[in-house]
Amino acid sequence: MRANIEHTLTKLIAFPSISSDTASCRDVILFAQQELEGLGLSITTDFESNHPWLLATTQNTLAPKLLLAAHLDIVPPSTPKQLTAQVMGDKLYGRGAYDMKFAAACFIELLKSRHRELALYDIGILFTTDEEIGGRSVLKLLHAGLEPSVVILPDSAAPWVIEQRAKGIIHAQLTAKGSHGHASRPWENENAIHKLLPALEQLRQTYPSLQPEAPTLSVTIINGGMPSAINLIPANAEAFIDIRAFDRTELKKAKQTLQKVAKEYSLELHVHVDDPSLVLDKTNPYIQTFTDLITKQRGTALFADSQGASDGRHFAGYNIPCIILSPEGKGVHQADEWVSLADLEPFCTLLESYILQTDLFLANKSKEAHKLDGILHR
């Protein structure tokens, strides 16, 4: 299977599927669709969206017991060379090799290898193309009724370590309104930047910690004033803020703090992203089965927290357990991104064992309320 996975991964890397490149994202989804055709799957795609996606299930349902999820969009390559897979020893280099086109290649080849019996199982594959810019496609599908019992998302920061927690995110924008005037007469006008700065300082004092466990606040973008107008008092200024926390109560508290500060300094507040944290329930039977399998394969099951974010937080918001685990690799978003070819086959073996040893056979529950038909119109 390793040779097949490498072949498919090489083809996937050749697509410059940057999140903002709709045409290339459409092409990579079309390639995945063509690879899955002929396997008897129910396939639904959205090629009209700016961020195309594909959902393929062994049954005509939005509620598969297991969903294998991966994003096919990438951040821009450091050089054009990154769009051609390069194999050096055990490592396959290329943009998206580890983040996370390897997972798509594994999913595709795994289903191909079991094509004669796929109808016996209740599993699905989801490919999206906007994870790097927020993953709103997953939210759209969840809102439309996507309801798997468990998700496997190979998008972890550390190899062979299951994510037990990942921080939730708030992305907010504070805007100050003032009035233009000559910088030599500041008493005649209200400086929007001056109005904004004390609010930012108060927020920084409220969230001073740089410790991994603590809630964090980062001011990431500040805009204000006019280029080549150093003597003009600005009438508008804005700041963008990134807040992260493991505890959902802390996230709620942070949002309330933003609202309070905005009111105190007469600023406009717009919350662009308000996504929950992910906390893995290790007592869930689906999680326990996976833990037992990886322990059997590798001798132990390792767990760790993640400071980054993935589409897993969207499933967490719908209380759907999400197993986030990846094989060996390194260099996410860097010039030397790579995945271990030697690790891809044992990774697929783990997925295959999970499919075979969990309760993924067809149940007696009715799926009439969860059919794929009409998902694009919900």
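Residue numbers count from 1 along this sequence. What you see is a predicted model; the values in this text were computed from it and never measured.
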What's the shortest heavy-atom distance between [X] and [Y], and which atoms?
X	Y	value
P327	L344	CG-CD2, 4.2 Å
T129	P52	OG1-O, 2.7 Å
I193	G224	CD1-C, 4.1 Å
I320	E147	CD1-CA, 4.3 Å
L217	R204	CD2-CG, 4.4 Å
I5	C348	CD1-SG, 3.5 Å

Side-chain heavy atoms under 4.5 angstrom apart, residues restricted to Ile, Leu, Val, Met, Phe, Trp, Tyr: same cluster for [X] and [Y]?
X	Y	answer
L350	L302	no
L251	F240	no
L196	Y207	yes
L120	F107	yes
I323	L356	yes

Side chain to side chain, [X] and [Y], heavy atoms closer than 4.5 Å:
X	Y	answer
I241	L200	yes
F290	L325	yes
I243	T257	no
I287	I162	no
F315	I324	no
W160	Q297	yes
L126	D311	no
I74	D99	no

Between [X] (side chain) and [Y] (backbone), is there a donor-acceptor pair under 3.5 Å?
X	Y	answer
S310	G312	yes
K177	S266	no
S17	L72	yes
T128	D130	no
R26	F47	yes
S156	S326	yes
Q59	A119	yes
S24	P16	yes
H180	N189	no
T58	Y121	yes

Requested in this report: Given side-chain contact (heavy atoms from CB on, under 4.5 Å), test L110 with I355 step by step and report yes or no.
Outcome: CA-CA 10 Å; L110 178 58; I355 290 172; 3.9 Å; yes

Does [atom1] in [X] sit with more than 12 non-hydrogen atoms of other residues, nucleotides or ligands closer than 6.0 Å?
X	atom1	value
K252	NZ	no
H171	NE2	yes
H272	NE2	yes

Within this structure, what is the [atom1]-[atom2] distance for the pair [X] and [Y], rounded to the nearest 0.5 Å?
X	Y	atom1	atom2	answer
F246	L278	CZ	CG	10.0 Å
W53	T45	CH2	OG1	7.0 Å
T57	L146	OG1	CG	10.0 Å
S113	L39	OG	CG	10.0 Å
L341	L9	CG	CG	7.5 Å
L54	I125	CG	CD1	8.0 Å

Report task. Apply the test side-chain contact (heavy atoms from CB on, under 4.5 Å) to residues I108 and L36: give CA-CA distance (whole Å), side-chain angles for both, the deciding distance (0.1 Å), then the verdict. Result -> CA-CA 7 Å; I108 289 169; L36 294 171; 4.2 Å; yes

Requested in this report: Tell me, with the steps shown, if L280 and E163 meet side-chain contact (heavy atoms from CB on, under 4.5 Å).
Outcome: CA-CA 7 Å; L280 189 69; E163 261 183 33; over 6 Å; no

Looking just at side-chain N and O atoms, do [X] and [Y] make a donor-acceptor pair shorter than 3.5 Å?
X	Y	result
T8	E109	yes
E188	H182	no
S218	D242	no

Query - Option from E131, K101, H51 for which side chain to side chain donor-acceptor pair (under 3.5 Å) with H71 holds - result: E131

Query raised in the report: So which of K330, Q82, K91, R95 actually passes side chain to side chain donor-acceptor pair (under 3.5 Å) with E337?
Result: R95

Query raised in the report: Do the charged groups of E213 and R165 touch, with an N to O distance under 4.0 Å?
Result: yes

**Report entry** Member of K167, R248, R244 meeting the side-chain contact (heavy atoms from CB on, under 4.5 Å) criterion with S277
**Finding:** R248

Report task. Among D292, I294, T349, V150, find the residue that satisfies the side-chain contact (heavy atoms from CB on, under 4.5 Å) test when tested with Y354. Result -> V150

Requested in this report: Might you work through the side-chain contact (heavy atoms from CB on, under 4.5 Å) test for D305 and Q164, ending with a clear yes or no?
Outcome: CA-CA 6 Å; D305 294 339; Q164 61 183 0; 3.2 Å; yes

Query raised in the report: For the residue pair F102 and Y98, does the interplanar ring angle fall in the parallel (under 30°), tilted (30 to 60°) or perpendicular (over 60°) class?
Result: parallel

Query - Six-ring centre of F303, K282 cation under 6.0 angstrom, axis tolerance 45° - result: yes

